[in-house]
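These notes are about the structure you will find just below.
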Amino acid sequence: MTGFGVWRANEKKWSGVMNRILYITVGLVLLAGTIVTGEYGLSEVNKEIYKLTLNQQEKVDELGFADFNLADYPVAFYAGKYDYVMTTNGRHNEINKRKSVLETLAATAYLVEDHYEVIVPTVEQFESLYALLDSAQNVEGLSEKEQTDLETVSYGEKEQAATIWHEAFHAYQLTVFERQIKELLSGNSFLEEDFGEGLIVENVDSNQKVKDLLKQQLKLLKKATGITDVDTLKETVLQYKELEDERRTLLSEETVILEEYYNRLEGSACYVEAYVYKNLYSEEEFQSRYMDGMDVYHDGSSKYYEIGMAQCLILDKLDSRWKNNYDFSTSVMDLVYERLGISNGI
Amino acid sequence: MTITINAIKEKIRRKELYIVTVIGILILLLFGTGSGTITIGGRPITDYESLAPILIIIINAICGALAIALSIRTIPNEYERKTSHLIWIRGVSQTRFHGELALANGISSLIAEAILYMGFILFMFSKGKGEEVWRVIPAFVIMAVSILIVSLFTSVLSIVLPGMVTGVIVSICYLAGIFHGILELVSNMISGVGSALLRGVLFAVPDLNALQAQAGNVIRGNSIESHVIWKGLLVIYIISIFFSVFKRKEA
């Protein structure tokens, strides 16, 4: 081979090596760019939400539920494959990553080993869910009224904080008042077996007479939450009770137990949630989100959240210190009747 | 680049790109001139703010489908016509041959995208949004990443799989890619084997929906997530590695 030939061969070889180096370099740059720009672990917005939620403790203390502290219950943010569990010692917040225990999108209080934890999806997951519901409803086609309703259920940081308080209250109920809740359920296992929702649909929503009575009761409850005069309130509550007594004669024993369970546990949790929401937003926003639609009948168990909350708000008018020693063994409405001097014999 | 240029010239000869132009003009006529409308909840959507994001989604979906159509037959055709042998005797490696043909597919797909985006630009002018037309350029570049992913993935599979199988796999992956966000949410809502399976698919399929969202953000003047674009470019790079891995036996 001539000198020129060797030079050409070397040049070709080096050119091949240089191309490979260039190709690998491009790959490394892209990999580095992807890693550097990525967000890992729990996003800052969720950490801020946890702080915001904790900051509401003083306000929630004003409600008066004895020994109810958010810091007692770890808050796990479900981010798909993993949970990011946040705890606090009062001064520092800690995050621990673990494989998700629930593996599904839900906001709940959940027994993890020997204690209850709050599990909520990250706010990003909630936002995606609402965006999906939004587009799904758009595709299906909504009336103007329905579209307005959808706008009011948009979800952000403050809504997430209120949801955490709702679930933390369940963790509190299940931890501190386990015995009373078991007694309330009287051995019924419909909740463990997830029959609750079906039972309400079957025995309440599908029974027109029961439904009509409950619709009237919802209107009375909403009216009662706006009354300041005790005599007028008593009159309204009496009308409510008459309807309730009549309605209960149409229901099975287990349905009555289930309704009472939802009213007491979900209603009071919703009451705490709404209280936090009001503090984070305003009285007007609270009215719009929780009160304005209170008299609207919803199928399934969700109506009892509002019914139970309304009962708590009515009891507040008569005795704001009822929460100091409330242990969920008594119906909130029974306490209302008692404070108003209404006999509770059916 | 000779192979690439010849492959593009052939696509022009076979009128594939003309068909794309016709589709672009049809879309413009349908939505841009008022002779066609999109309705949501029974109400016609004609204002720019509502129509633009929908139009972008439609254009992007068509671009992806065209990228598959333009890329699926190029490499198999060369082998069927035995023109590949003419290349081998000139000492061109399979990697380079496939790579250049895939590049031709990618460029053709981008030309198709450009034609459809030209339609969108005319739509913007027709709605009096001429001053915002510059935003289409970065949106085009971002969507080009998505189009190239689809085109290169189709090309690489077409080296080793029959056309029908390639078409089915790419179409499924493409749908999973553009509905990535929704599927991710669904995978988090369900549990068990279904969830694990869906997560596996979502891990393997690039998030084309996120890329599309960034293009939409640019059009609307919102900020973009650079991570999504970096990830898209990395996916293109990873696909390109397979051109040196996948070989045809006929060669």
Side-chain angles (χ1 to χ4, degrees), chain A residues 12 16 19-20 22-40 43 77-83 99-107 119-122 124-148 150, chain B residues 38-45 50 53-54 57 91 93 95-96 99 145 149 179-196 198-200 202-203 206-207 209-210 213-214 216 223-241 243-244:
Chain A
K12 205 172 174 185
N19 280 345
R20 281 186 189 177
L22 188 67
Y23 188 69
I24 292 167
T25 310
V26 169
L28 290 174
V29 169
L30 291 174
L31 187 64
T34 307
I35 292 169
V36 168
T37 55
E39 204 172 67
Y40 305 95
S43 71
F77 289 88
Y78 169 68
K81 220 171 165 185
Y82 301 103
D83 286 339
K99 198 175 174 305
S100 58
V101 293
L102 208 53
E103 291 188 340
T104 190
L105 202 73
I119 298 184
V120 285
T122 57
E124 293 87 355
Q125 302 234 21
F126 256 132
E127 281 168 354
S128 312
L129 179 65
Y130 277 96
L132 177 65
L133 291 174
D134 193 1
S135 10
Q137 304 230 31
N138 269 340
V139 170
E140 282 171 18
L142 287 177
S143 67
E144 213 164 295
K145 162 80 175 69
E146 286 167 327
Q147 281 181 3
T148 314
L150 198 65
Chain B
I38 296 172
T39 57
I40 290 179
R43 286 185 303 179
I45 304 296
S50 309
I54 299 169
I57 291 171
S93 70
T95 304
R96 187 175 156 200
V145 176
I149 289 173
F179 292 113
H180 209 279
I182 292 172
L183 292 175
E184 216 166 284
L185 193 63
V186 171
S187 78
N188 290 336
M189 290 165 82
I190 58 173
S191 54
V193 184
S195 172
L198 198 53
R199 280 177 189 171
L202 292 172
F203 177 75
D207 190 351
N209 174 54
Q214 304 317 309
S223 61
I224 58 165
E225 291 174 44
S226 62
H227 177 66
V228 174
I229 297 157
W230 278 103
K231 217 158 81 173
L233 292 170
L234 186 64
V235 170
I236 291 176
Y237 181 85
I238 291 167
I239 295 172
S240 76
I241 294 172
F243 285 103
S244 56

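Atom set for the values below is all heavy atoms of this structure, side chains included, hydrogens, waters and symmetry mates excluded. Here is how names work: the chains are called A, B, and so on, in the same order as the sequence lines, proteins then strands, and each is numbered from 1.
When heavy atoms are compared at a cutoff of 4.5 Å, Val29(A) approaches chain B by way of both its backbone and its side chain. Both the backbone and the side chain of Ile241(B) come within less than 4.5 Å of a heavy atom in chain A.
For the atom pair His227(B) NE2 and Ile35(A) CD1, the distance stands at 9.5 Å (nearest 0.5 Å). With rounding to the nearest 0.5 Å, the separation of CG in Leu234(B) from CG in Leu28(A) is 10.0 Å.
Atom CD of Glu124(A) has more than 12 neighbouring heavy atoms from other residues, nucleotides or ligands inside a 6.0 Å radius.
For Tyr237(B) (side chain) and Tyr23(A) (main-chain N/O), a donor-acceptor pair under 3.5 Å exists by modelled atom type.
Closest of all the heavy-atom pairs between Thr37(A) and Ser226(B) is CG2-OG, 3.5 Å.
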